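Numbers here simply count residues along the sequence, with the first being 1. Both ligands and their constituent atoms are indexed starting at 1 by order of listing. All values derive from a computational prediction rather than experimental measurement.
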Amino acid sequence: VLESSRMRNLGRYTEPTALEMRRLAATLCGVRPEEVLAGNGSDEILGWIFQTFFMDASVCYPDITYGFYESLAVGLGIEHHEVPLKDDFTLDVEALCHEKSNIVIANPNAPTGHMVPVEDIERIVAADPDRIVVVDEAYIQFHNESCLPLIRKYDNLIVVHTMSKAYALAGAHIGFAYGCQDLIHDLDCVRGVMNPYNISDITMAVGCAALRDQAYLEAHVRDVEEARAYATTELRELGFKVLDSRTNFIFLEHPYLSGEEYVRELRERGILVRRYPSMKRAENYVRITIGTLEEMQAVVAATRSILLCLAA
Ligand SMILES: *Cc1c(COP(=O)(O)O)cnc(C)c1O
């Protein structure tokens, strides 16, 4: 990739609209390049969205979700509130239909791994055309149905994708926003003011190569799903409540082992996992990212030894 012809021109500024990569992404998603914006990861895209549309408005998101929404709202001084997930950690579609603020939904959600059907997203988007609904589909490539086709039907919907998860390219940091031409145009104006050369030629070369290699993506997704199925089954057998996941992580808790203790004991065995003490309702839960099958076998073995020590 680094020997491609574009790489010989690093002394020059990049083509500022990232057109080649947006064309590829558009084709894969069945939309036009004018309906796509490229960013340095979906985090940058979310930043443009908040700055473009939410500054003089308000925004809401579930109480258990991706923490960056809160971080952006607080950092930019945007009025915000949480709409609690239901008791089983599923999305409260009814509450969101009645919501007057702009809405951000991760679907599938992080860190629960839960997915709501496209019909539910459509109900929320259609309920009030005066607020914008952002659907963050960071994990969509794990065989989940995208609500992307709805951008043709609703001009208050923005769909966000990333190459950090299923494409395994977090280090390249590439994300996309999809929406009607007017919304994307507004976002692009803000991007042009804040960071007109946001996608470097190096990033573009990596992104284009990966978008052209869908076979690699599919193989990686298959490996993750296989390791996820293994880890879910084994950890359930060890007594964990493991939520059904549509992503590259699992979210779990154990009746006799606190989340805090589990994280600490795994760390002592060289395995790093995450918990969310600030999300009160989920404070006993632990998120484990799915690695290779061998890595998940190591997680299961370590967990078994932790539970044995606990029982002793
Ligand atoms: C990982 C993640 C992101 C950030 O992705 P980047 O493209 O790496 O910035 C955004 N939203 C959700 C829900 C994520 O899980």
For this session: Could you walk me through whether Tyr167 and Thr162 pass side-chain hydrogen bond (donor to acceptor under 3.5 Å, both in side chains), step by step?
Result: CA-CA 8 Å; Tyr167 282 91; Thr162 177; over 6 Å; no
Near-ring test [Y]/[X], centroid separation under 6.0 angstrom:
X: Phe89; Y: His114; result: no
X: Phe249; Y: Tyr139; result: yes
X: Phe240; Y: Tyr285; result: no

Problem set entry | Test: Glu44 and Arg191 ion pair at under 4.0 Å |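 No, Glu44 and Arg191 are not salt-bridged.
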Find all protein N or O atoms under 3.5 angstrom from an N or O atom of ligand 1 and list the pairs with distances, or write 'none'.
from: ligand 1; atom 1: 5 (O); to: Ser42; atom 2: OG; distance (Å): 2.9
from: ligand 1; atom 1: 7 (O); to: Ser42; atom 2: N; distance (Å): 2.6
from: ligand 1; atom 1: 7 (O); to: Ser42; atom 2: OG; distance (Å): 3.0
from: ligand 1; atom 1: 7 (O); to: Thr162; atom 2: OG1; distance (Å): 2.5
from: ligand 1; atom 1: 7 (O); to: Ser164; atom 2: OG; distance (Å): 3.4
from: ligand 1; atom 1: 8 (O); to: Ser164; atom 2: OG; distance (Å): 2.6
from: ligand 1; atom 1: 8 (O); to: His173; atom 2: NE2; distance (Å): 3.1
from: ligand 1; atom 1: 9 (O); to: Ser42; atom 2: N; distance (Å): 3.2
from: ligand 1; atom 1: 9 (O); to: Asp43; atom 2: N; distance (Å): 2.9
from: ligand 1; atom 1: 9 (O); to: Asp43; atom 2: OD1; distance (Å): 3.4
from: ligand 1; atom 1: 9 (O); to: Asp43; atom 2: OD2; distance (Å): 3.4
from: ligand 1; atom 1: 9 (O); to: His173; atom 2: NE2; distance (Å): 2.8
from: ligand 1; atom 1: 11 (N); to: Asp136; atom 2: OD1; distance (Å): 3.4
from: ligand 1; atom 1: 11 (N); to: Asp136; atom 2: OD2; distance (Å): 2.5
from: ligand 1; atom 1: 15 (O); to: Tyr139; atom 2: OH; distance (Å): 2.6
from: ligand 1; atom 1: 15 (O); to: Lys165; atom 2: NZ; distance (Å): 2.8

Exercise. NE2 of His81: more than 12 outside heavy atoms within 6.0 angstrom?
Worked result: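 Enclosed: over 12 neighbouring heavy atoms sit under 6.0 Å from NE2 of His81.
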